[in-house]
Amino acid sequence: MAPSVDRQGHWGRPTSTLDWCEENYVVSYYIAEFNTVSNLIMIIPPICGAIQTFRDGLEFRYICSFIGLTVGIGSWCFHMTLLYEMQLLDELPMIYSTCVFVYCYECFKQEKTISFFLIALLLLFSISVTVWKEPVFHQVMYGALVACLVIRSVFIVTVYPWLRPLCYTSLGIFMLGFLLWNIDNIFCDSLASRQTLPSGVGVVLTQFHAWWHILTGLGSYLHILLFLCGVWPTLHMEPQK
Ligand SMILES: CCCCCCCC/C=C\CCCCCCCC(=O)N[C@@H](CO)[C@H](O)/C=C/CCCCCCCCCCCCC
Ligand SMILES: [Ca+2]
Ligand SMILES: [Zn+2]
């Protein structure tokens, strides 16, 4: 996917097995792919969300969900350096975080329950992806986990219809991000001509991988709110005396 106008930079020759469409070291000598700044949406808001969830005294697994969404840190390091080690720091936490999301959902509405079987299954899944560090395998496994979440959330909103708008908004935003991720990968050669666009706005707007970060980060954040909203009324509904 790497275009031919790449430059040399601070982190040396890329050793990652993936080099995304954005031209390397064009904006900064110290940042290989400047689209990494879009990862801030998966760093700052989830940290704030985790702090607020802790202050509200909600279950640990919801704090873990917000912390899991800070996968932007790994993605930032990966896009900034294009080093293989940073690629693993990006890809593996994505699997671990999504496993946390799956766990949260399976125990939806069952306060303070622990499903040891599900924990064992998700651990086995995470170990297999960690051992077999192949990007396509990672992407397929990640997609499978997200598909489980999507299917589960569609089922949940049939039971709790008031959560439907939040669920479908989250899904729509996430899927739009996935569409742009594919456009960036498939049409990279055509997108390379964006450097000739008259204004910087055009260059920014066509950084579709950056929009993938923004939209999936937002979609995932809304997904956490989905089960927080679903749980919240239960947690705060006083039993009839
Ligand atoms: C609508 C519900 C969505 C809930 C998702 C909850 C998951 C939360 C955990 C992490 C979110 C992070 C997502 C963005 C990661 C950004 C890092 C990044 O860009 N990494 C790339 C390298 O820079 C890496 O190579 C990306 C690989 C992902 C590619 C595969 C995406 C599959 C998308 C799944 C679509 C399935 C839809 C199924 C519908 C039934
Ligand atoms: Ca690149
Ligand atoms: Zn990325």
Side-chain angles (χ1 to χ4, degrees), residues 1-7 9 14 16-27 31-39 41-43 46 64-82 86-105 129 134-154 156-157 166-182 184-185 188 191-192 207-227:
M1 287 178 271
S4 58
V5 293
D6 289 343
R7 300 177 189 169
S16 57
T17 62
L18 295 172
D19 185 341
W20 303 94
C21 186
E22 181 188 347
E23 301 75 13
N24 297 345
Y25 296 105
V26 169
V27 177
I31 299 177
E33 295 179 333
F34 203 74
N35 68 26
T36 199
V37 297
S38 61
N39 282 302
I41 194 171
M42 287 184 282
I43 298 173
C64 290
S65 298
F66 278 117
I67 293 169
L69 192 48
T70 58
V71 289
I73 297 170
S75 181
W76 178 288
C77 297
F78 176 27
H79 285 288
M80 181 173 73
T81 66
L82 291 179
M86 296 300 109
Q87 179 180 350
L88 295 180
L89 186 65
D90 165 61
E91 292 179 348
L92 296 180
M94 284 175 65
I95 296 292
Y96 308 150
S97 302
T98 312
C99 285
V100 168
F101 275 63
V102 169
Y103 181 76
C104 280
Y105 251 118
V129 176
E134 207 288 315
V136 174
F137 179 67
H138 158 263
Q139 291 168 8
V140 170
M141 291 299 108
Y142 179 71
L145 282 172
V146 172
C148 291
L149 282 170
V150 169
I151 293 163
R152 185 84 172 98
S153 56
V154 169
I156 283 175
V157 296
L166 184 54
C167 175
Y168 292 128
T169 302
S170 162
L171 178 57
I173 290 172
F174 193 97
M175 293 311 291
L176 176 60
F178 183 45
L179 173 67
L180 295 178
W181 183 82
N182 282 289
D184 194 72
N185 293 337
C188 180
L191 289 169
Q207 292 294 346
F208 292 137
H209 191 93
W211 285 109
W212 148 263
H213 292 154
I214 293 166
L215 293 171
T216 48
L218 178 57
S220 304
Y221 194 96
L222 291 176
H223 212 69
I224 297 174
L225 298 185
L226 178 65
F227 48 76

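Not measured: the values here are computed from a predicted model. In each ligand, atom 1 is the first atom listed, and ligand 1 is the first ligand listed.
When only non-hydrogen protein atoms are considered, atom 23 (O) of ligand 1 lies nearest to His79 NE2, 2.7 Å. Protein heavy atom nearest atom 9 (C) of ligand 1, with residue, atom name and distance: Thr98 OG1, 3.5 Å. Remark: minimum distance from atom 40 (C) of ligand 1 to any protein heavy atom is reached at Val150 CG1, 4.0 Å. Given atom 24 (C) of ligand 1, the protein heavy atom at minimum distance is Asp90 OD2, 3.7 Å. Nearest protein heavy-atom neighbour of atom 3 (C) of ligand 1: Phe174 CD1, 3.6 Å. Protein heavy atom nearest atom 15 (C) of ligand 1, with residue, atom name and distance: Met94 CE, 3.6 Å. In this structure, atom 29 (C) of ligand 1 lies nearest to the protein heavy atom Trp181 CZ2, 3.4 Å.
For the residues Ser38, Ala210, Cys99, Gly143, the heavy atom positioned nearest atom 36 (C) of ligand 1 is part of Gly143. Considering only non-hydrogen atoms, atom 28 (C) of ligand 1 lies nearest to Trp212 out of Trp212, Tyr168, Phe178. Between Ser220, Ala147, Cys167, Ser153, it is Ala147 that holds the heavy atom closest to atom 38 (C) of ligand 1. Nearest to atom 13 (C) of ligand 1 by heavy-atom distance, out of Tyr142, Phe101, Trp20, is Tyr142.
Between Ser170 and ligand 1, a contact under 3.5 Å exists for no N or O pair. Geometrically, ligand 1 and His213 share a nitrogen or oxygen pair separated by less than 3.5 Å. Close N/O approach between Glu91 and ligand 1 is not found [any backbone or side-chain N/O within under 3.5 Å].
Distance check for Leu82 against the Ca ion (ligand 2): none of its N/O/S atoms falls below 3.0 Å.
Contact between Gln87 and ligand 1 is absent, with no heavy atom of the residue lying under 4.0 Å from the ligand.
Distances from the Ca ion (ligand 2) to each N, O or S atom of Glu33 single out OE2 as the nearest. Considering just the N/O/S atoms of Asp19, the one nearest the Ca ion (ligand 2) carries the name OD1. The nearest N/O/S atom of Glu22 to the Ca ion (ligand 2) is O.
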